[in-house]
Amino acid sequence: MKLEILGGGCQKCDSLYKATEEAATDLSLDYTIEKVSDMVKIMEYSVMTTPALVVDGVVKHSGSVPSVDDIKGYLQS
């Protein structure tokens with residue numbers, strides 16, 4: 001599973017990265033996680049507000065930091 005955290009490197013982006021890593025680890029997923037700060041790449045996903053969580057190329061959440069439980073739901077759907 002490929003996980004991407006889209007954002008410019010703000011505190012919320014870091015929080016989403018950590019929460020996503022925790023959720024994926026709790027679920028024992030085989031995953032890679034990457035921070036994406038390149039605005040061109042972010043715009044390719046049509047994301048207008050960051051941070052955003054992308055799972056296997058699909059934007060699952062943007063604009064805030066969801067709870068670890070919410071992220072688990074995104075990772076399992």
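The two atoms that bring Gly8 and Cys13 nearest to each other are N-SG, 3.9 Å, heavy atoms only. Closest of all the heavy-atom pairs between Gly7 and Ile42 is N-CD1, 3.6 Å. Ile33 and Glu21 make their closest contact through CD1-N, 4.2 Å (heavy atoms, listed as atom of the first residue, atom of the second, distance). When every heavy atom of Thr49 is checked against every heavy atom of Gly63, the shortest pair comes out as OG1-CA, 3.4 Å.
A continuous path of ILVMFWY side-chain contacts below 4.5 Å connects Met1 to Ile71, so both sit in one hydrophobic cluster. In terms of hydrophobic clustering, with Ile, Leu, Val, Met, Phe, Trp and Tyr side chains grouped at heavy-atom distances under 4.5 Å, Val54 and Leu29 are assigned to different clusters. Cluster membership for Tyr31 and Leu53, using ILVMFWY side-chain heavy atoms within less than 4.5 angstrom, is shared. Cluster annotation: Leu27 is connected to Tyr17 through the hydrophobic network of ILVMFWY side chains, with a link wherever side-chain heavy atoms come within less than 4.5 Å.
A heavy-atom distance below 4.5 Å is not found between the side chains of Ser62 and Tyr45. In this structure, the side chains of Leu75 and Leu3 come closer than 4.5 Å at one or more pairs of heavy atoms. Proximity of Asp14 to Lys35: side-chain heavy atoms (C-beta onward) are separated by under 4.5 Å at one or more points. A heavy-atom distance below 4.5 Å is not found between the side chains of Pro66 and Lys60. Between Met43 and Met48, the closest side-chain pair of non-hydrogen atoms falls below 4.5 Å.
At most 12 non-hydrogen atoms from other residues, nucleotides or ligands lie less than 6.0 angstrom from CD of Gln11. Heavy atoms of other residues, nucleotides or ligands lying less than 6.0 angstrom from NZ of Lys12 number 12 at most.
Side chain of Thr25 to main chain of Glu22: no donor-acceptor pair is present (N/O by atom type, distance under 3.5 Å, no hydrogens or angles).
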>> Determine whether Val36 and Ile5 satisfy the following criterion, side chain to side chain contact (heavy atoms under 4.5 Å, CB included), listing intermediate values before the conclusion.
In response: CA-CA 6 Å; Val36 178; Ile5 306 302; over 6 Å; no
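Taking CG of Leu6 as the start and OG1 of Thr50 as the end, the distance is 8.0 Å to the nearest 0.5 Å.
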